[in-house]
Visitor: 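Below you will find the structure I want to go over with you.
Proteins come first, then strands; the chains are lettered A, B, ... in the order of their sequence lines, and each starts at number 1.
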Number of protein chains: 2
Amino acid sequence: MKRDCSKIPYDCPIEATLGLIGGKWKALILDHLTGGALRFGALQKMMPKITPKMLTQQLRELENDGLILRHVYPVVPPKVEYELTDFGQTVLPILDAMCAWGRVYLDNVREQEGTKAAGCACE
Amino acid sequence: MKRDCSKIPYDCPIEATLGLIGGKWKALILDHLTGGALRFGALQKMMPKITPKMLTQQLRELENDGLILRHVYPVVPPKVEYELTDFGQTVLPILDAMCAWGRVYLDNVREQEGTKAAGCACE
DNA sequence: CAGCATCCTATAAGATACTG
DNA sequence: CAGTATCTTATAGGATGCTG
């Protein structure tokens, strides 16, 4: 039973956006893919806290909704790459805005607490 | 037991942003408040599908995180207004980006399906 | 009017083990 | 390597009724 987020009826643009790229992982995944195609394992390394199950699930939904493409290379051992579609590229402004705001916010928090950045693709 | 989303440790700016304004309702609430202060009941009317419990809960979290202000007027019947703080105003670029993208997306979907816009604050 | 309390369901998310 | 399968837990979200 697969889920196409694009099949859900939305009342409002923001609601639709959240439906397609909302949730805990999708924006993060898309952001990592802005640098170019990545393998399953590479994505997992970039998000150490995601489980293979969740990563698979989120990638399938993004694929069903036309945001990313899945390339299977018929080799042994298996090699699968994911990359943004043209449509997927159009979410970049949102990711940039979220990243910029989060960065300012984290800088303030860290300044107060004396902690350091953890190092992430988008910072 | 109240939740301060700002107390959660985040590894990455996008993650932090999602922590503070992610979820099904917060971006929508903030967006409605960009037009100025609103009463509880007004917000509820703008989001017919939200329950009072959820609305209260989301408003409290936004307040704890410094994004909105809650004004209680000591009158009968009670009057409570919510408005963006200066910090809350800074999320506007994100909301705009989400709204713009969602609008283009919905327009395409609707063109294919022949349906119409439902009418929402941000469209 | 603006909520709170209580109870309940659905969905998201995680742990662990296994496989083509 | 890139997943699946199964089981379990946590969180989001909802229905209903009540109150200062």
Visitor: Within this structure, what is the CG-to-P distance between A:Leu55 and C:dG14, rounded to whole angstrom?
Guide: 12 Å
Visitor: Got a sec, which hydrophobics cluster with A:Val76, joining ILVMFWY side chains under 4.5 Å apart, including via others?
Guide: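 Result for A:Val76 is none, singleton.
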Visitor: State which residue, out of B:Arg60, B:Met54, B:Gln58, fulfils the side chain to side chain contact (heavy atoms under 4.5 Å, CB included) condition with B:Thr56.
Guide: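 Among the candidates, only B:Arg60 passes.
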Visitor: I'd like a table of atom pairs between the protein and nucleotides 6-9 of chain C - only N or O on both sides, under 3.5 Å - with the distance next to each one.
Guide:
none

Visitor: Scan B:Tyr82 against the nucleic acid and name what it touches under 4.0 Å (heavy atoms): base, sugar-phosphate only, or nothing.
Guide: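 Sugar-phosphate contact only.
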Visitor: Tell me every residue that passes salt bridge (Lys or Arg N to Asp or Glu O under 4.0 Å) with A:Glu63, counting only those two or more places apart in sequence or in another chain.
Guide: none
Visitor: Would you work out how much the helix from C:dC1-D:dG20 to C:dG20-D:dC1 bends between its ends, with each end axis defined by five base pairs, to 10 degrees?
Guide: 60°
Visitor: So, the side chain of B:Thr85 versus the backbone of B:Leu69: is there a donor-acceptor pair under 3.5 Å, distance only?
Guide: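 Checked: no pair found.
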Visitor: May I ask whether B:Ile29 and B:Leu92 are part of the same hydrophobic cluster, defined by side-chain heavy atoms of I, L, V, M, F, W, Y residues being less than 4.5 angstrom apart, directly or through others?
Guide: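 No; tracing contacts between hydrophobic side chains, which count when under 4.5 Å, never links both residues.
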Visitor: Among Ile, Leu, Val, Met, Phe, Trp and Tyr joined by side-chain contacts under 4.5 Å, find the other residues sharing a cluster with B:Val75 and list them by chain and number.
Guide: B:Tyr73
Visitor: Between C:dC4 and B:Arg60, is there an OP1 or OP2 to side-chain N/O distance shorter than 4.0 Å?
Guide: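 It does, given that an N or O in the side chain of B:Arg60 lies less than 4.0 Å from OP1 or OP2 of C:dC4.
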Visitor: Roughly, in whole Å, what's the span from CD in B:Gln57 to P in C:dC4?
Guide: 11 Å
Visitor: Round to the nearest Å and state the distance from A:Glu63 atom CD to D:dG3 atom P.
Guide: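 Taking CD of A:Glu63 and P of D:dG3, I get 10 Å after rounding.
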Visitor: Any side-chain heavy atom of A:Ile94 within less than 4.5 Å of one from A:Ile21?
Guide: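 A side-chain contact exists here, since the closest heavy-atom pair is under 4.5 Å.
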Visitor: Tell me: CZ of B:Phe40 to C1' of C:dC4, nearest whole Å?
Guide: 10 Å
Visitor: Using only side-chain N and O atoms of B:Lys24, determine if any of them is under 4.0 Å from OP1 or OP2 of D:dG14.
Guide: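 For D:dG14, OP1/OP2 do have a side-chain N/O of B:Lys24 under 4.0 Å.
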Visitor: Over 60° means perpendicular and under 30° means parallel, so tell me whether A:Phe87 and B:Trp101 are parallel, tilted or perpendicular.
Guide: parallel
Visitor: Taking OP1 and OP2 of C:dA2, is either one under 4.0 Å from a side-chain nitrogen or oxygen of B:Arg39?
Guide: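 For C:dA2, OP1/OP2 do have a side-chain N/O of B:Arg39 under 4.0 Å.
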Visitor: With nearest nucleotides of DNA chain D determined for A:Pro77 and A:Thr56 from heavy-atom distances, which residue corresponds to the more 5′ nucleotide?
Guide: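 Between the two, 5'-proximity favours A:Pro77.
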Visitor: Does a side-chain N or O of B:Arg70 approach OP1 or OP2 of C:dA2 to a distance below 4.0 Å, or not?
Guide: no
Visitor: Report all interatomic pairs (protein N or O, nucleotide N or O of nucleotides 17-20 of chain D) with separations under 3.5 Å.
Guide:
none

